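For reference, the structure discussed in these notes is given below.
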There are 2 protein chains.
Amino acid sequence: MTELSAQRRYAEDAAVVLSGLGLPPAYGKLLGWLLVCDPPWQTSSQLAEGLGLSKGSVSTGMRLLETSGLARRVPVPGHRGHAYEVRPDAIIRIAADATKFRAFRELMEHGLAVVGGEDAPGTERLRVMRDFYAFIEREVPKLVERFEAEYTGKGDGDG
Amino acid sequence: MTELSAQRRYAEDAAVVLSGLGLPPAYGKLLGWLLVCDPPWQTSSQLAEGLGLSKGSVSTGMRLLETSGLARRVPVPGHRGHAYEVRPDAIIRIAADATKFRAFRELMEHGLAVVGGEDAPGTERLRVMRDFYAFIEREVPKLVERFEAEYTGKGDGDG
DNA sequence: CCAAACGTTCAAGAAGTTCTGAACCAAGAG
DNA sequence: CTCTTGGTTCAGAACTTCTTGAACGTTTGG
């Protein structure tokens, strides 16, 4: 049994959780590692070595993390290239984006069209879902705003 | 090119959307079909024939839909066995279940333990996420309740 | 201008997941 | 009791996705 650092084990745990959402394991490992590493920014080689992943996997995985808004590049003074870090506000940026729900609402609207419209009989299930997703789409951004307001009001800034 | 009914095409569309969440295509097809079929309840054989799936796939897929709370069995008068239908309140039951978020909150709490606790330096990213998920876990059930209240208040009952 | 480091891309292989089909079980009709 | 129908399970086939590793740009330092 190889000795795994606590950080490394954490990365594996994160991979398991994220896999549950249908995401690639490498994506979860990278995110988990970036959440607990010290310092909080890491170069590609550090990530590859730390997690036992190939350069290619790190490159692909980090692009995914970047485009999904969870990570960003930061310059490293005495180093060629860049490092990555998790954006402190990552979760807020992602949660506030309600376009995820739009796909579902549209699917339900499309469904209503298929069955013959709003008033066709036996369409309750579709209407409830459509209305629910529309509601969520409207309310989630508000909810996130409320979090931001309450949060920055309470305790601000890191150590 | 084989002719596909509008319902069948809708099932395929649903499969694409649901696959995006990491779910098996068969699961999405079954759900899509059950959302637009007429009558709204269908036996296993109807599902298998309608969707071009094997009996086995229908059985497995429908169990998944049942355990996830989206579909339920209904008796069929002149028929051996049962049929399936989408629960009209499916989405509400599923959305109100906030345990999905608990896994994430716990992952963040675990992360804080790994980095040395609440007050360790450079833990803003973890604390923000932990607090955000805790907030969501608390607020989502309330949000769903609000939807139910507003919805049943507005227009009730099907045709 | 050359060399070295760094990062990206992509084809091929590895790994994992999903689907099928046949065997099996259960329940009701005759 | 036996036959038929409906349903479930599971091993293997088919398929999809992920990861690797090598080739290729690009940039910086000497």
Side-chain angles (χ1 to χ4, degrees), chain A residues 2 8 11-12 14-34 41-68 70-85, chain B residues 2 8 11-12 14-34 37 39 41-68 70-85:
Chain A
T2 52
R8 175 60 194 279
E12 298 298 328
V16 170
V17 173
L18 276 282
S19 290
L21 267 80
L23 294 161
Y27 181 94
K29 287 189 203 184
L30 288 163
L31 178 59
W33 181 268
L34 283 171
W41 49 87
Q42 301 273 296
T43 65
S44 292
S45 352
Q46 288 175 311
L47 291 166
E49 179 166 11
L51 292 165
L53 292 172
S54 69
K55 280 201 302 174
S57 292
V58 171
S59 181
T60 309
M62 285 313 303
R63 182 172 46 242
L64 194 54
L65 278 168
E66 258 187 296
T67 55
S68 65
L70 274 166
R72 70 179 162 200
R73 296 174 186 222
V74 289
V76 181
H79 187 270
R80 186 89 51 95
H82 53 263
Y84 294 99
E85 70 172 13
Chain B
T2 52
R8 176 61 195 279
E12 298 296 329
V16 170
V17 173
L18 276 281
S19 291
L21 268 80
L23 294 162
Y27 180 94
K29 287 188 201 185
L30 288 163
L31 178 60
W33 181 268
L34 283 170
C37 60
W41 50 86
Q42 300 274 295
T43 65
S44 292
S45 354
Q46 289 175 311
L47 290 166
E49 180 166 12
L51 291 165
L53 291 173
S54 69
K55 279 203 303 176
S57 293
V58 171
S59 181
T60 309
M62 285 314 302
R63 184 173 42 244
L64 194 54
L65 277 168
E66 258 187 296
T67 54
S68 65
L70 274 166
R72 69 178 164 203
R73 294 171 187 226
V74 289
V76 181
H79 188 266
R80 189 90 52 93
H82 53 263
Y84 295 99
E85 70 173 13

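Just so it is clear: chains get the letters A, B, ... in the order the sequence lines come, proteins before strands, and each one is counted from 1. Model, not experiment: these values are computed from the prediction.
Nearest heavy-atom pair across C37(B) and P39(B) is SG-O, 3.2 Å. The minimum heavy-atom distance linking A11(B) with W33(B) is given by the pair CB-N, 3.8 Å. For the residue pair V76(B) and A83(B), the shortest heavy atom distance occurs at CG2-CB, 3.4 Å.
Atom CZ of R80(A) is separated from atom C1' of dT26(D) by 10 Å (rounded to the nearest Å). Taking atom CG of residue L30(A) and atom P of nucleotide dC18(D), one finds them 14 Å apart after rounding to whole Å. Remark: P of dT5(D) and CD of Q46(B) are 17 Å apart, rounded to the nearest angstrom. Rounded to whole Å, the distance from CG on L23(A) to C1' on dT16(D) is 16 Å. L51(A) has its CG atom 11 Å from the P atom of dT19(D), to the nearest Å. Across the protein-nucleic acid pair, Y27(A) atom OH and dT17(D) atom P stand 18 Å apart, rounded to whole Å. The NZ atom of K55(A) sits 12 Å away from the C1' atom of dG25(D) (whole-angstrom rounding). Distance Y84(B) OH to dG7(D) P: 7 Å, rounded to the nearest Å.
Between dT19(D) and S57(A), no contact under 4.0 Å exists linking OP1 or OP2 to a side-chain N or O.
Of the inter-residue distances, the one linking R73(A) atom CZ with E85(A) atom CD reads 13.0 Å to the nearest 0.5 angstrom.
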**OP:** Begin with the C-alpha distance, continue with both residues' side-chain angles, and end with the deciding distance and a verdict on side chain to side chain contact (heavy atoms under 4.5 Å, CB included) for R8(A) and L51(A).
**Re:** CA-CA 7 Å; R8(A) 175 60 194 279; L51(A) 292 165; 4.0 Å; yes
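Nearest-nucleotide positions on DNA chain D for L53(A) and T43(B) put T43(B) closer to the 5' end.
Note on G61(B): nothing from the nucleic acid sits closer than 4.0 angstrom, heavy atoms only. Using a 4.0 Å heavy-atom criterion, one finds that S59(B) contacts the bases of the nucleic acid, with or without backbone contacts as well. At a threshold of 4.0 angstrom between heavy atoms, the contacts of S54(A) include nucleobase atoms, whether or not backbone atoms are also involved.
You'll find that the side chain of P25(A) is closest to dC18(D), out of dA23(D), dC18(D), dG6(D).
The shortest distance between side-chain heavy atoms of L65(A) and Y84(A) does not fall below 4.5 Å.
Chain A approaches DNA chain C within less than 4.0 angstrom (heavy atoms of the protein), and the contacting nucleotides run 5' to 3' from dA4(C) to dT9(C).
A salt bridge links K29(B) with E12(B); the closest basic N to acidic carboxylate O contact falls under 4.0 Å.
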